[in-house]
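Down below is the structure, laid out as C-alpha cells.
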Amino acid sequence: MTTYVYSFERGDGKNKMLLGGKGANLAEMTQIGLNVPPGFTITTEACLAYLEHDALPDGVMDEVRTAMCELEEKTGRGFGSKTNPLLVSVRSGSAMSMPGMMDTILNLGLNAETLEGLIHQTDNPRFGYDAWRRFIQLYGKIALGVPDELFDEAMNELKQKVGAKQDVDLTGPQLKELAQSYVGIVEKHTGHPFPTDPMQQLEMAIAAVFRSWMGKRAVDYRRQFKITPEMANGTAVNVCTMVFGNMGNDSATGVGFTRNPATGENVIFGEYLTNAQGEDVVAGIRTPKPIAEMALEMPRLHAELMDLRNKLERHYKEIQDFEFTIEKGRLYALQTRNGKMNARAMVVTSVEMANEGVITREQALLRANPALLEQLMVPTLAPGSNAVSLATGLPASPGAASGRVVFDADTAEARGKLGEKIILVREETKPEDIHGFFAAEGILTARGGKTSHAAVVARGMGKPCVSGCAAIQIDVHARKARVGEAEFVEGDVITIDGTTGKVYAGRIPTVEAEFFGELQTLLEWADEAATLKVRANADTPNDAARAKRFGAVGIGLCRTERMFNDPGRLPVVQEMILADTPEERQSALDRLLPFQREDFKGIFRAMAGLPVTVRLLDPPIHEFLPTASQLEFEIDHLRNLKRAVRGMNELPETLRMLDPELHHAYVDSLDHLNANLVEYEHQHRFDALISRREAMLRKVHALHEVNPMLGHRGVRLGLTNPEIYTMQIRALFEAAAGCMREGVTVNAEIMVPQVCTREELVRVKAIFDTELDRVTALLGERPHVRFGTMIEVVRACMRAGSLAQIAEFFSFGTNDLTQATFSFSREDAENKFLPFYQETKILRENPFEVLDVKGVGRLMQMAVQWGREVRPDLKVGICGEQGGQPDSVRFCHAIGLDYVSCSAPRVPIARLAAAQAKLREKEYSTTVFD
Ligand code: PEP
Ligand code: MG
C-alpha cells in the first residue's frame with residue numbers, strides 16, 4: 001500500500017520529488033538535530049492523485065489522523081482542545097523552489113472554542129484574536145475562494161475608524177471585532193457557516209494547497225522557468241505545529257541568508273520583525289529590521305541564530321535561505337532551502353567557499369548556472385552622468401534599467417508585449433504580479449524589505465529592483481505617482497538603479513559591467529578544466545579587444561560585410577556594384593582594399609597572435625543598395641524638387657537630407673552668384689542625381705531574387721565575381737604581412753561561406769594560392785594563413801569528407817544550417833509560427849537559440865566524423881548563435897569540437913559551460929539522438 005504521509009523524523013531528506021524541497025529539508029533539519037517544530041509531510045503523489053480524481057486518495061486522511069495523534073503526543077496539546085489547543089500550518093512545497101507561487105494556511109485548528117483555549121493558554125487575548133483573524137482571512141481566501149480585497153477593505157476601514165497606522169496598533173477588542181467582521185464576509189460570500197471542525201478544516205486546506213499547484217501563478221512560473229514534470233511534479237503539503245512570533249516582545253520572526261545573496265559577502269543577511277508572523281516579513285506589509293540589530297536587541301538569540309546559520313551551511317555545503325521564528329525566547333528553524341542568488345553572489349560564494357575548503361573547485365565550477373553570468377553583463381549607470389536621484393529605496397536586485405512607468409501587472413504585460421520597456425511600480429508586490437515581472441525591465445516598490453517577494457523574484461530573474469522606497473506615493477486609480485518632488489503619470493520614463501536603490505526621472509545612460517576578481521578567478525579555473533576553447537564573433541578591432549577582455553582565445557567569425565557597410569565606404573561599394581566595365585569595378589575595389597587591410601590589421605593587433613577567422617563576403621550584393629521602393633520614392637521626389645526649385649530663392653528642407661552638398665552649394669551660390677547661372681548648373685546636378693538612382697534601380701531589379709537567402713550569395717557570389725574575393729584575400733595577406741613586419745604575430749584563417757561542393761572550395765583555394773604567392777613576392781613575407789570552410793548547408797555536411805580534402809578547418813554556421821535543416825526562414829520563423837510551436841510543445845526549444853541536437857546536431861556529428869576520417873587534425877568550431885548557449889556548448893564538447901564562438905558578452909557563459917561539459921562528460925548520454 002502506498003504511504004502518503006511521512007513524519008519529519010521518518011521522511012527521506014534526499015527525496016525532494018516525493019516530499020518537495022521544503023518537506024525534505026524539514027525532515028533533514030529534524031534529523032540533524034535542529035530545533036524544528038514537529039510535523040509531517042503529505043507526498044506529491046497524493047497531490048497528483050488528488051488532481052487526477054478531484055478527490056484525496058483513499059487512506060490519506062486516515063494517515064493524516066494518525067500523524068495528528070502523534071503530533072498531539074509530541075506537543076502535549078490537543079487538536080480541537082478547548083484548554084490546550086494544537087494549531088498547525090499547512091504549507092505547500094514542490095521539488096523546485098517556487099517562492100510564493102503556491103498557497104499556505106496558518107493557525108489552522110482555530111474556532112470559537114479553541115480560540116478561548118489559546119487565549120487561556122497564552123494569557124494573551126490580543127494574540128488570540130490576531131491569530132484568529134489571520135486564519136479566517138487566509139482560510140477564506142485559499143480554501144473558500146473569498147477575494148482578498150474584501151478583508152483588506154474591512155481592515156482599512158477599521159484602521160481608519162480607530163486611527164491605527166499599522167495592524168500592530170490594533171488592540172485585542174479591535175482585532176476581535178475585525179475577526180467577527182471577517183467571519184461575516186466569509187459567510188456572506190460562500191453562503192455557508194465558517195467551518196468549525198478542525199479536522200474538516202485540515203482536509204479542505206490540504207485539498208486547497210494541492211489545487212494551488214495548478215493555479216495561474218504557479219503555472220506561469222513553471223512555464224517561465226521551464227520547470228518540467230521531470231523536475232517537479234505536484235506539490236507536497238507540510239503540516240507543521242504552529243510556533244508564534246507574535247506572542248509579545250520576546251517573540252520574533254525572520255528570514256535569513258547564510259551569506260549575502262546580492263554580493264556574496266560572507267555575512268549573514270536577513271531581516272526580522274519582533275512580535276510578528278512570517279507573512280508580515282515576506283509580504284512586505286511592515287518594513288523589517290536587519291538581523292545585525294538583533295545582536296543588540298536579543299543578544300542570546302542572535303548568538304543562537306549564528307549557530308543555526310553555521311550548522312545549516314556546513315551541512316548543506318550551499319548558501320541557505322531559511323526562515324525562523326522565536327516564540328517566547330525559543331528559536332525554531334521553520335524551513336531552509338538553497339539560496340537563490342544573483343550571478344555576482346553565485347560567483348563570489350563559489351570562489352570563497354572553495355577557498356575556505358567548504359567545497360572543491362570542481363564543485364565551485366559545477367555549482368553556478370552559466371546562463372546566470374549573463375546578469376553580470378547587466379548595465380550599470382554611466383559614471384559621471386551626474387543625474388540627481390529623486391528618491392532612494394532599498395537596493396534589492398542589482399543593475400540599472402529605464403522604462404515607462406506602469407502601475408499594474410496586467411498593463412505591464414500588455415504593453416511589454418507591444419515591445420515597450422516597462423518599469424513596474426507598485427505599492428508592494430504580491431505573487432499575483434509575477435506576469436508583470438516577466439514583462440518589466442525593472443521593479444520599484446514603495447514598501448517591503450530586501451527579502452520581500454518583489455526582491456526575491458527580481459533577483460531570481462536578474463532584473464533590477466528597488467524596494468521599500470517610502471518616498472513614493474502611488475494613486476493607482478488616477479494612474480499617477482509622486483516620487484519626492486516629481487509627479488509621474490503612467491507612461492513617463494524613469495530609471496532605477498537596483499545596485500544603489502536610487503530612482504531617477506527620465507532615461508539615464510548606462511554602461512556595461514566590468515569583470516571583477518572572483519569572476520576572473522572562477523573563469524580561470526573553468527579554462528583549466530575545459531578542453532573546448534571559446535572564441536568570439538567580432539567584426540571590428542573594438543569588438544575584438546572587448547572579446548579578448550572577456551577571455552575569448554580567438555575570433556571564430558569576423559563577418560567582413562560589416563566593413564562594407566560602414567557609411568564612409570558604402571558609396572564605393574555601390575560604385576563597384578554599379579560599374580559598367582571591369583576597369584570601373586576594379587577601380588572601386590582598389591579603393592576598398594586599403595580599408596579592408598586596415599580593418600584586418602586592427603583586429604590582428606588586438607588579438608596579438610590569437611587565431612582570427614575571417615569570413616569572405618557572404619550576403620547578396622543587393623543588400624548594399626537601397627530597396628527598389630526607396631529608390632522609386634527618391635527619384636520621384638527629386639523630379640518634383642527639380643521642377644519646384646526652378647526660380648526659387650530657397651530650397652526645400654528635404655533636399656538637405658537627400659543631398660546635403662547640393663543643398664549647401666545652392667544656398668551659398670544664391671548668396672554670391674548670378675541666380676540664373678546657378679540654376680542652370682543645378683538643374684544638371686539634379687539630372688545627375690536622378691540618373692544615378694535610375695541606374696541603381698535597374699541594378700536592383702536585375703539583382704532581384706524571390707528567395708535571396710537561398711540565392712546569389714556566399715561562395716556563389718564570390719565565384720561569379722572573383723575580383724571581390726581576390727581583393728579581400730589580398731587585403732588579408734597584405735595586412736598579415738604588414739603586421740608581421742611590425743612584429744605582431746598573426747594567426748589568421750580565411751573561410752568561405754555557403755559552400756556545398758568541393759569544386760567551389762578548389763576554385764577559391766586557387767585564388768588564395770595565387771594571391772599568397774603574389775603578396776609574398778611583393779612584400780617579402782609569406783604569412784601562414786589557414787584555409788577552411790563554413791559548414792552551413794546540408795549538402796556540406798553530407799560531403800564533409802570530400803570538403804576536408806581541401807579545407808583545413810570547418811566552422812559550423814548553425815544559423816543557416818538550422819534554417820536549411822528545418823526549412824524555417826531564420827528571418828521570419830521566430831515572429832511567425834515558432835512561438836506557437838513552443839507554446840503548444842510541437843518543439844521544446846527555439847532551434848535558433850538552442851541547438852537542435854537531434855537534427856542539426858546529428859548532421860554536425862556526422863560531418864565531424866567524416867571530415868576527420870579524411871583529415872585527422874581537422875579543426876572544427878561553431879560560430880552560429882547557439883555557440884554561447886550552455887546546452888549547445890555541452891553538445892559541441894560531446895561531439896569533439898575544438899571551439900565554440902559566440903558574441904562577446906556570452907564568452908564568460910560559454911567558458912563556464914565548457915568547463916561543466918568536461919566535468920560532466922561521463923554523464924552525457926549517448927542516446928541524445930534518439
Ligand atoms: C551562420 O549561418 O550560422 C553564421 C554564423 O553566419 P551568418 O549568421 O552570418 O549567416
Ligand atoms: Mg551563415
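Whatever order the structure lists them in is the order used to number ligands and atoms, beginning at 1.
Side-chain atoms of Glu760 never come within 3.5 Å of backbone atoms of Val755 as a donor-acceptor pair (strictly under, hydrogens ignored).
Contacts of Gln882 with ligand 1, taken as heavy-atom pairs under 4.0 Å, are absent altogether. Contacts between Leu817 and ligand 1 below 4.0 angstrom, taking non-hydrogen atoms only, are absent altogether. Of all the heavy atoms of Thr814, the ones lying under 4.0 Å from any atom of ligand 1 belong exclusively to the backbone. At a 4.0 Å heavy-atom cut-off, ligand 1 does not touch Glu881 at all. Using a 4.0 Å cut-off between heavy atoms, Asn537 makes no contact with ligand 1 at all.
Contacts of Arg774 classified as side-chain contact (heavy atoms from CB on, under 4.5 Å), with partners at least two apart in sequence or in another chain: Arg730, Glu771.
Aromatic ring pairs are classed by plane angle as parallel below 30°, tilted from 30° to 60° and perpendicular above 60°; the pair Phe891 and Tyr924 is tilted. Between Phe733 and Phe768, the ring planes lie perpendicular to each other; the angle is over 60°, past the 30° to 60° tilted range.
Inspection of the Arg786 and Thr613 side chains reveals no N or O donor paired with an N or O acceptor under 3.5 Å.
Ring to ring, Phe564 and Phe595 are not that close: their centroids are 6.0 angstrom or more apart. Between Phe824 and Phe833, the ring center distance clears the sub-6.0 Å criterion.
Ligand 1 places these atoms under 4.0 Å from at least one heavy atom of Asp816: 1 (C), 2 (O), 3 (O), 10 (O). Close approach of ligand 1 to Cys879 (heavy-atom distance below 4.0 Å) involves ligand atoms 5 (C).
In terms of protein heavy-atom proximity, atom 4 (C) of ligand 1 is closest to Asn815 ND2, 3.7 Å.
Using a 4.0 Å cutoff on heavy atoms, Arg826 counts as a contact of ligand 1. Heavy-atom separations between Gln819 and ligand 1 are all 4.0 Å or longer.
Among protein atoms, those of element N, O or S found less than 2.8 Å away from the Mg ion (ligand 2) are Glu792 OE1, Asp816 OD2.
Salt bridge annotation for Lys875-Glu749: present, with a cationic side-chain nitrogen under 4.0 angstrom from a carboxylate oxygen.
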